[in-house]
Number of protein chains: 2
Amino acid sequence: MTEAARGTRGPGRRPGPTETREAILARARELFAEKGYDGASLRAIARAAGVDPALVHHFFGNKEGVFVEAMRFPVEPSVLLPRILAAPRDELGETMVRSFLLVWGDAERRARLLAMLRSAMTNERVAAMTREFLTSALFGRAGEVSGVPPLKVQAAVGHMIGVMILRYVLAVEPLASASEDELVRLLAPALQGYLG
Amino acid sequence: MTEAARGTRGPGRRPGPTETREAILARARELFAEKGYDGASLRAIARAAGVDPALVHHFFGNKEGVFVEAMRFPVEPSVLLPRILAAPRDELGETMVRSFLLVWGDAERRARLLAMLRSAMTNERVAAMTREFLTSALFGRAGEVSGVPPLKVQAAVGHMIGVMILRYVLAVEPLASASEDELVRLLAPALQGYLG
DNA sequence: GCTTGAATTCAACACATGATGAGTTATAAG
DNA sequence: CTTATAACTCATCATGTGTTGAATTCAAGC
């Protein structure tokens, strides 16, 4: 007898080693990135992972649990920040543009950042999480180390966030298809003004 | 007999002149601004307006109809743009910052812009609408009239959008409570760099 | 080779969503 | 005064949501 659809095989544990948990997280990241926290449903995540919704629940407790777990380290500031701040003071602008483009150019990390941003825009709790993350892990540290006043750091980061939205979310032309070098030439001077 | 709760009075048209349609639109704007397109439900809008969901339907056909109607003229570029472009060329930066702060400072207009932004971030169709609106009504005209290349205009607008998000959506301090003059001093030079 | 525990699905709950069709009351047009 | 049309609610549909409890199948510890 040919078994029906693959994966439609009753309850009970599956034989062999199990990696379902990671698979769920991967799909969760994709969906949170596409739709934001409220837009990505537990059931859609389960469906995408080929798994019963209750299993997602079993692993992560509730929807917020999935989100928190999926968002772990959207980007490690502890890795990225020193890399930026190590640059000579008169190249801070260019270095920052390049770092943003590097992170946002990588599909995996862009997904997490988009998820964070999309969710923060529409969900108050996620907005609070994001604010906390930004202030403590990014603005705080950056200002502390470099001596640049907070307002200027925030203006610089805000600038990059806005440009990333136009480029990656709204896909406005010609911004969306400009080359990395073009963007550096375009944006670095303004950032240098804030950080220099 | 004291009538029960106000507004809980059976079917049929209400006596006197009717302004319900406008009331619904007002509530719709508030909710779209708070939650975005997908987050704001037809039923919540109806509830907020003290009205049956079917009435919303009756007036606007479907949910997208409500949104389109509520978003009419989030900001009139035809009014704002000439005002900005009329400034002397070496004050374009400051004028633009002041214009953005003016529009975003007004609760009514901020609501529409937030609604647009929040919805565009999470809903593909609204993103398309927004892209269309931005390119035709804003980027196109602005570049055309002033002779500033599109990439630079977009960098400038992106900058302001990002800062507005940090200030009004994420409410990051000290950006969120900085005064208008502080912001002009902070941001005008960068914008002047793009537009001058 | 039992037994404990984890992985997995099923069935169901209570509730929210967008949409529809029919019915009721008022205004406006003839 | 009659009639048409607009405002308005009710009940209902089909579907989707997050969550729960029980049942089944496998993998390890003893």
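Computed from heavy atoms alone, side chains included, the values below leave out hydrogens, waters and symmetry copies. Predicted model, so just to flag it, every value in this text is computed and none were measured. A note on names: the letters A, B, ... follow the listed sequences, proteins ahead of strands, and every chain is numbered from 1.
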*Asks:* Have a look at B:Leu42 and say if it touches a base, only the backbone sugar-phosphate, or nothing, with a 4.0 Å heavy-atom cut-off.
*Replies:*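 The answer is sugar-phosphate, as B:Leu42 gets under 4.0 Å only of primed atoms, P, OP1 or OP2.
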*Asks:* Over how many whole Å does the gap from B:Tyr37 atom OH to C:dT17 atom P extend?
*Replies:* 14 Å
*Asks:* Does the B:Glu182 side chain pair with the main chain of B:Ser179, one donor and one acceptor, at a distance under 3.5 Å?
*Replies:*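 Here the side-chain-to-backbone pair exists.
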*Asks:* Which of residues 58-68 of chain A have a heavy atom under 4.0 Å from DNA chain C?
*Replies:*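 Contacting residues: A:His58, A:Phe59.
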*Asks:* Please confirm whether the backbone N or O of B:Lys35 pairs with a side-chain atom of B:Arg118, one donor and one acceptor, at under 3.5 Å?
*Replies:*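 Side chain of B:Arg118 to backbone of B:Lys35: no pair is present.
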*Asks:* Rounded to the nearest 0.5 Å, what separates atom CZ in A:Phe67 from atom CD1 in A:Ile45?
*Replies:*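 Reported to 0.5 Å precision, the distance equals 10.0 Å.
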*Asks:* For A:Arg43 and C:dC10, give me the distance from atom CZ to atom P, rounded to whole Å.
*Replies:*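 Rounding to the nearest Å, CZ of A:Arg43 and P of C:dC10 are 13 Å apart.
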*Asks:* Atom NE2 of B:His57 to atom C1' of C:dT17: distance rounded to whole Å?
*Replies:*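 Nearest whole value for this atom pair: 11 Å.
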*Asks:* Do B:Met121 and B:Val126 touch side chain to side chain, with heavy atoms closer than 4.5 Å?
*Replies:* no
*Asks:* Rounded to whole angstrom units, what separation is found between the NZ atom of B:Lys35 and the C1' atom of C:dA16?
*Replies:* 13 Å
*Asks:* Enumerate the protein-to-nucleotides 22-26 of chain D contacts in which both atoms are nitrogen or oxygen and the separation is below 3.5 Å.
*Replies:*
residue	atom	partner	partner atom	Å
D:dT24	O2	A:Gly12	N	3.2
D:dT25	O2	A:Arg13	N	2.9

*Asks:* So that I can tick it off, tell me whether B:Glu69 and B:Arg21 are bridged by a salt bridge, with the cut-off set at under 4.0 angstrom between side-chain N and carboxylate O.
*Replies:* yes
*Asks:* With sequence neighbours excluded, give me every ring-ring contact (aromatic ring centres under 6.0 Å, His included) pair touching residues 159-184 of chain B.
*Replies:*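 Every ring-ring contact (aromatic ring centres under 6.0 Å, His included) pair that includes a residue of residues 159-184 of chain B, provided the two are not neighbours, is A:His159-B:His159, A:Tyr194-B:His159, B:Trp104-B:Tyr168.
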*Asks:* Quick one: is B:Ser41 getting a side-chain N or O under 4.0 Å of the C:dT17 phosphate, OP1 or OP2?
*Replies:* yes
*Asks:* Side chains of B:Leu101 and B:Met164, heavy atoms from C-beta outward: is any pair under 4.5 Å?
*Replies:* yes
*Asks:* Return whichever of B:Arg47 or A:Leu55 has its heavy-atom-nearest nucleotide of DNA chain C closer to the 5' end.
*Replies:* A:Leu55
*Asks:* Distance check: side-chain N/O of B:Thr20 vs OP1/OP2 of D:dC8, anything under 4.0 Å?
*Replies:* yes
*Asks:* Could you go through the salt bridge (Lys or Arg N to Asp or Glu O under 4.0 Å) check for A:Glu22 and A:Arg27 one step at a time?
*Replies:* CA-CA 9 Å; A:Glu22 290 310 312; A:Arg27 301 306 158 159; over 6 Å; no
*Asks:* Within the pair B:Thr18 and D:dA6, is there a side-chain N or O less than 4.0 Å away from OP1 or OP2?
*Replies:* no
*Asks:* With a 4.0 Å cut-off on N to O distance, would you call B:Arg14 and B:Glu19 a salt bridge?
*Replies:* no
*Asks:* Quick one: salt bridge (Lys or Arg N to Asp or Glu O under 4.0 Å) partners of B:Arg98, sequence neighbours excluded?
*Replies:* B:Glu94, B:Glu180, B:Asp181
*Asks:* Can you pull out the residues from residues 24-34 of chain B that lie within a 4.0 Å heavy-atom distance of DNA chain C?
*Replies:*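 The stretch gives none, as no residue of it lies under 4.0 Å from the strand.
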*Asks:* Using whole Å, what does the distance between atom C1' of nucleotide D:dC8 and atom CD of B:Glu19 come to?
*Replies:* 15 Å
*Asks:* Please list every donor-acceptor pair under 3.5 Å in which a side-chain atom of residues 148-157 of chain A meets a protein atom from a residue at least two apart or in another chain.
*Replies:*
residue	atom	partner	partner atom	Å
A:Gln154	OE1	B:Leu175	N	3.2
A:Gln154	NE2	B:Glu173	O	2.8

*Asks:* Between B:Asp52 (CG) and C:dG21 (C1'), how many Å, whole number?
*Replies:* 13 Å
